[in-house]
Structures are given as structure tokens and as C-alpha cells.
Enquirer: 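Have a look at this one.
Order of the sequence lines fixes the chain letters, A, B, ..., with proteins taken first and strands second; residue numbering starts at 1 for each chain.
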Amino acid sequence: MSAMGRNIRTVATATIVVLLLLGTFWGQDDHFPLGPFRMYSTRNSLEGRVNAARLELSFANGDVVETGISPRSVGLRRAEIEGQQDRFEARPQLLRHLADAYESLHPEAPPIVGVRMLDVIVQLRDGRPSGEPVEQTLATWQR
Amino acid sequence: MATLMVDTARRWWFAPLPVARIAWLRTFIYLFIFVDVFLTTAWVKRHGQVSTELYDPLFIGRTLPLPDPTSAVVFTTCIALLLGAGVAATGHWPRLAGTAVALLYLEWMVIAFSYGKVDHDRFAFLVALFVLPTVGRAHWRQEDSSEAAGWAIRCIQVSVVLTYFLATFAKLRFGGLNWATGATLARAVVRRGTGLADWLTDVPALLRATQFGIIVFELSSPLLLVRGRVGHTFLTLAVLFHVVTFLTISIIFLPHVVCLLAFLPLERLGRAPALGLRRASVAG
């Protein structure tokens, strides 16, 4: 390998390592791929709550169906909807896009006239689930 | 002292490694892109069905002039990526096809992670995509070693180690010093546990012990780089960790796991007569 080849590689390596270290200690997910490796890094209290978002869809024929959030149902992963939860709560009209995505992915289904985004909350006691799950509405939208 | 350390690191990082291993890594990694796009991360394509109003671009997506992921953009990126990966997997035009795949896959990741959730199993894979084209032609039965191959393979190996090692510091930063005593794994099992894992929520102490085990595993990950039995043992541990994680909370860091191949003497596959590969003349 030429000296230049070696030098370019050395500089590139050092740069990426330094940026990655900066990302781990000061960066955020936004700085992908050099952001922190924060998978499962947050600590949940042993007496805390575990929440999981779900959707309730109201169809034009009167059906009301609760559905999990998945790429197959609305084109997005549950964690993605939860990651943008603040936006949906602040602007519930954004739920329209989930209705549109559902309709485009399920052309055989009747049109959707309303979407309710809800949280299903499980209470933890001493680190284990206790009691029945509780539902809480996060945002609603009607066409 | 510092110069000595830097020199040692440089000598280790550039020590020649078999070029054939690069050829095998290319084949596995570029073919894996098909598995990734169609099977294990198939949801990225669905982002094309979702309004771009929900596209919340990452820093790299805001800084570079990347297009909004309309269904046309997502489709085109997907096709170009697969074509490039197909060519690159054959070993032809490795620099051109490899670079195209690296850039297209990076855009694919921007499309993936700009909708509210970033996954953390892609760093080593992206590094692999960017370093593999730097080696030039490589054949599966090539018998020589080169510094270029050594450097590229070390980059992938170190990226795998850093993914584990730095994850502990993210836990300390976002979860606090007492991360291991909390209910992080309990939450994971409640949200996405498999049938095999349900009983774990009845034994929270076991989950907490596992959390301590994860920290020990992550901080010990540089052992992956040690030659011989130590490295092999740790590699086996790493694979076991991923298998158990998959069986209990149905998460598998597959692009990252594929990069574990960089620790294996893949060049030996080329010496297996059953594979019937024609003898290579030493490529340039």
C-alpha cells in the first residue's frame, strides 16, 4: 500500500472514531449513524409504567376496530408512531395520514372516518406487571 | 508513549489479512441486502406509502440535499440499491458497485429512520459497506494477503466491538449508573415478549441479573479482537446473546450479526473442494 493510501485510511479511521465518541457522549439519535448506541439504554423504574400505543379505527360502515400499529396496518412501526407521539398529540389531524396509509394498504376495507390513538398502560410493581392494563386516549381525529 | 501506542495500533490495523476473506464478506454482505430489503427490514419500503408530512429527517437528511421519500423516490432507491448489490455480490466492479451500494444503503437508512425511530444495529454494516470497496478486486480462492484487506477487515471488527462497548456508556448516560437495577428488560418483555419469554416477568430478579450480565458482556467486547481461544469464545458468546435476545424479545440485530463474519477465517471456504470454484489467478 502506498504511503498516501495508508495516510488517508488512518485519517478516515481516526475521524470516524472521534465522531463516534462525540456521538456517544454528546450526540442523539438524530446524528445517525454516529449517534449514541442507545438501544434499551433508558432505565425503567421497578414501580413504573410500561406503555404501548394502539390505534382504534372507525369505518364508514359503522365498524370500530382496534388494531396494532405495524408496517402492514399503517405503514409505520409502533416505535415510530410512539417516537412522533408528541406531534400527533399536538396536531391530531396528522392521524389522517395513518387513515390514508391504512386505506392504501387495505383497498378492500371500507373508508375510514375516524382514528383514535391510545396508550395501553401496564403498571409495574417490584419489576413485574400487576393489575389490568389501562387505556388512555392520546389523540383523536374525524374525517 | 503515545507514539508507541499509535504505532502499535497502526501496525495491528494494517497487518495483512487474506484478500479472499474480502471476497467472501462481499458476497455475504451484498446478498444480505436482499434479505434485509425483502425480509428482515421490509418495513422500510412501506414508508413510501406514508405521507411525507410524517417524514422527520435525521441530521444527515437535513444537511444533504436528499429528496423527500415519496413512493417514487423509495421505489427508485430500492431498485437501484438491489441492482448495485447484485452486481457487487458477483465481485465485478467492486469499487464502483460497492461505493454505489454504500451510498444508496445510507439513503435507504435515512428513509428508514426518519419517521420517529432510529435502530442501532447498522453502524458496523454501514462501515462494512464503505470499506469493502476500498480493497479492489478480490477472488474467493485468492491466496495472498494485503494491507488493504487487513485494514478493511479491522474496520469492520472494531465497529462491531464499538457497537457493544459504547452501548454501555449510552446506558450510563441515558439510564444512569443504576441502569442494571431497573426494569428495562421487564418493559421489553411486556411490550414484545415471545411466548418463550412470558415467564420471565414473574422472575424480575433474573431479568435484573441479566442486565448486569449485559454490561459485563459489553465492556468485555474488546476481547473479540484477541486471537485464539479468547476471541473465539467471545464470538460464540456474542452469537448466543443475539440468539437468546431473538427468542425472548424477537429482536435480532441482523445487519450487525452478519458483520460478525469478519471475525471468521472465511478464506478457508475457498479452499473447500466441494464448492468447485475455479482456481483464481492472483488478481490485481
Enquirer: For the residue pair B:K45 and B:V37, what are the closest heavy atoms and their distance?
Expert: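 Closest pair (atom of B:K45, atom of B:V37, distance): NZ-O, 2.9 Å.
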
Enquirer: Provide the closest heavy-atom pair for B:V135 versus B:A148 in the form atom of the first, atom of the second, distance.
Expert: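 B:V135 and B:A148 have their closest heavy atoms at CG2-O, 3.8 Å.
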
Enquirer: Which one wins on heavy-atom pair count under 4.5 Å against chain A: B:Q49, B:R10, B:R122, B:R62?
Expert: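 Counting heavy-atom pairs under 4.5 Å, the top option is B:R10.
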
Enquirer: With chain A as the partner, which of B:T184, B:V203, B:V118 has the greatest number of non-hydrogen pairs under 4.5 Å?
Expert: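 Option with the top pair count is B:T184.
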
Enquirer: Of the backbone (N, CA, C, O) and the side chain (C-beta and beyond), which part of A:R77 lies under 4.5 Å from a heavy atom of chain B, both, or neither?
Expert: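 Contact with chain B: side chain only.
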
Enquirer: Between chain A and each of B:G182, B:A183, B:G175, count heavy-atom pairs under 4.5 Å; write down the option with the most.
Expert: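 Highest number of heavy-atom pairs under 4.5 Å: B:A183.
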
Enquirer: Could you check whether any side-chain heavy atom of B:I22 comes within less than 4.5 Å of a side-chain heavy atom of B:L132, counting everything from C-beta outward?
Expert: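 Side chain of B:I22 against side chain of B:L132, heavy atoms only: contact under 4.5 Å found.
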
Enquirer: Give the member of B:V50, B:L200, B:T163 that has the highest number of heavy-atom pairs under 4.5 Å with chain A.
Expert: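 The candidate making the most pairs under 4.5 Å is B:T163.
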
Enquirer: So, for B:L126 and A:P33, which heavy atoms are closest and what is the spacing to 0.1 Å?
Expert: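 Closest approach of B:L126 to A:P33: CD1-CB, 3.8 Å.
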
Enquirer: How close do A:R38 and A:S41 get, heavy atom to heavy atom, and via which atoms?
Expert: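 It is O-OG, 3.0 Å.
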
Enquirer: Quick one: closest heavy-atom pair of A:S130 and A:R125, and the distance?
Expert: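 Shortest heavy-atom contact: OG-CG, 3.2 Å.
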
Enquirer: Taking all atoms of both residues into account, what is the closest heavy-atom pair of A:H106 and A:S73, and its distance?
Expert: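 That closest heavy-atom pairing would be CE1-O, 3.3 Å.
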
Enquirer: Side chain, backbone, both or neither: which part of A:Q85 has a heavy atom under 4.5 Å from chain B?
Expert: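 When you check distances to chain B, no heavy atom of A:Q85 falls under 4.5 Å.
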
Enquirer: Only pairs of heavy atoms separated by less than 4.5 Å count here; which of A:N44, A:L46, A:V50 has the most with chain B?
Expert: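 Ranked by heavy-atom pairs under 4.5 Å with chain B, first place is A:N44.
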
Enquirer: Among A:A79, A:A52, A:A12, single out the residue with the greatest number of heavy-atom pairs under 4.5 Å to chain B.
Expert: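 Of A:A79, A:A52, A:A12, A:A79 has the most heavy-atom pairs under 4.5 Å with chain B.
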
Enquirer: Any idea how B:H47 and B:Y115 line up, ring-wise: parallel (<30°), tilted (30 to 60°), or perpendicular (>60°)?
Expert: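 If you compare the ring of B:H47 with that of B:Y115, the planes turn out tilted.
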
Enquirer: Under a 4.5 Å heavy-atom cut-off, does chain A meet the side chain of B:L177, its backbone, both or neither?
Expert: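 No part of B:L177 comes within 4.5 Å of chain A.
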
Enquirer: Find out whether B:R191 and A:R78 are in side-chain contact, i.e. whether some heavy atom of one side chain is under 4.5 Å from a heavy atom of the other.
Expert: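 Counting from C-beta outward, B:R191 and A:R78 do come under 4.5 Å.
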
Enquirer: Does the plane of the ring in B:Y164 sit parallel, tilted or perpendicular to the ring in B:F241? Use 30° and 60° as the thresholds.
Expert: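 The arrangement is perpendicular - the two ring planes meet at more than 60°.
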
Enquirer: At a 4.5 Å cut-off on heavy atoms, which part of B:D121 comes close to chain A: side chain, backbone, both, or neither?
Expert: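 It is neither, since no heavy atom gets under 4.5 Å.
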
Enquirer: Within 45 degrees of the axis of the six-membered ring of B:W151 and under 6.0 Å from its centre: does A:R9 put its NZ or CZ there?
Expert: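 Yes, a cation-pi geometry.
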
Enquirer: Could you tell me which of B:A42, B:G116, B:A152, B:A9 has the largest number of non-hydrogen atom pairs under 4.5 Å with chain A?
Expert: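 Of the options given, most contacts go to B:G116.
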
Enquirer: What part of A:T24 is in contact with chain B, defined as an atom under 4.5 angstrom from a non-hydrogen atom: side chain, backbone, both or neither?
Expert: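 For A:T24, backbone and side chain are both near chain B.
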
Enquirer: Relative to chain A, which segment of B:P16 carries a heavy atom at a distance below 4.5 Å: side chain, backbone, both, or neither?
Expert: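 Neither part.
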
Enquirer: Using non-hydrogen atoms only, which part of A:R96 is less than 4.5 Å away from chain B: side chain, backbone, both, or neither?
Expert: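 Contact with chain B involves the side chain of A:R96 alone.
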
Enquirer: For A:D100, which atoms come within 4.5 Å of any heavy atom of chain B: side chain, backbone, both, or neither?
Expert: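 Contact with chain B: none, neither part.
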
Enquirer: So what's closer than 4.5 Å to chain B heavy atoms on A:L124: side chain, backbone, both or neither?
Expert: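 Answer is side chain: those atoms of A:L124 sit under 4.5 Å from chain B.
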
Enquirer: If you count heavy-atom pairs under 4.5 Å between each of B:D202, B:T63, B:V189, B:V110 and chain A, which one has the most?
Expert: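 Highest number of heavy-atom pairs under 4.5 Å: B:D202.
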
Enquirer: Which one of A:I81, A:V17, A:L76, A:L94 has the most heavy-atom pairs closer than 4.5 Å to chain B?
Expert: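 It is A:L76.
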
Enquirer: Give, as side chain, backbone, both or neither, the part of A:V120 having an atom under 4.5 angstrom from any heavy atom of chain B.
Expert: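 Neither part; nothing is under 4.5 Å.
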
Enquirer: Quick check against the 3.5 Å criterion: does A:E56 have a side-chain atom that pairs as donor or acceptor with the backbone of A:T67?
Expert: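 Side chain of A:E56 to backbone of A:T67: no pair is present.
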
Enquirer: Please look at A:F88 and chain B and tell me whether the side chain, the backbone, both or neither of the residue comes under 4.5 angstrom of a heavy atom of that chain.
Expert: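 Answer is side chain: those atoms of A:F88 sit under 4.5 Å from chain B.
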
Enquirer: Under 4.5 Å, counting heavy-atom pairs only, tell me which of A:L34, A:V122, A:I16, A:D29 racks up the most with chain B.
Expert: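 Maximum pair count with chain B is reached by A:D29.
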
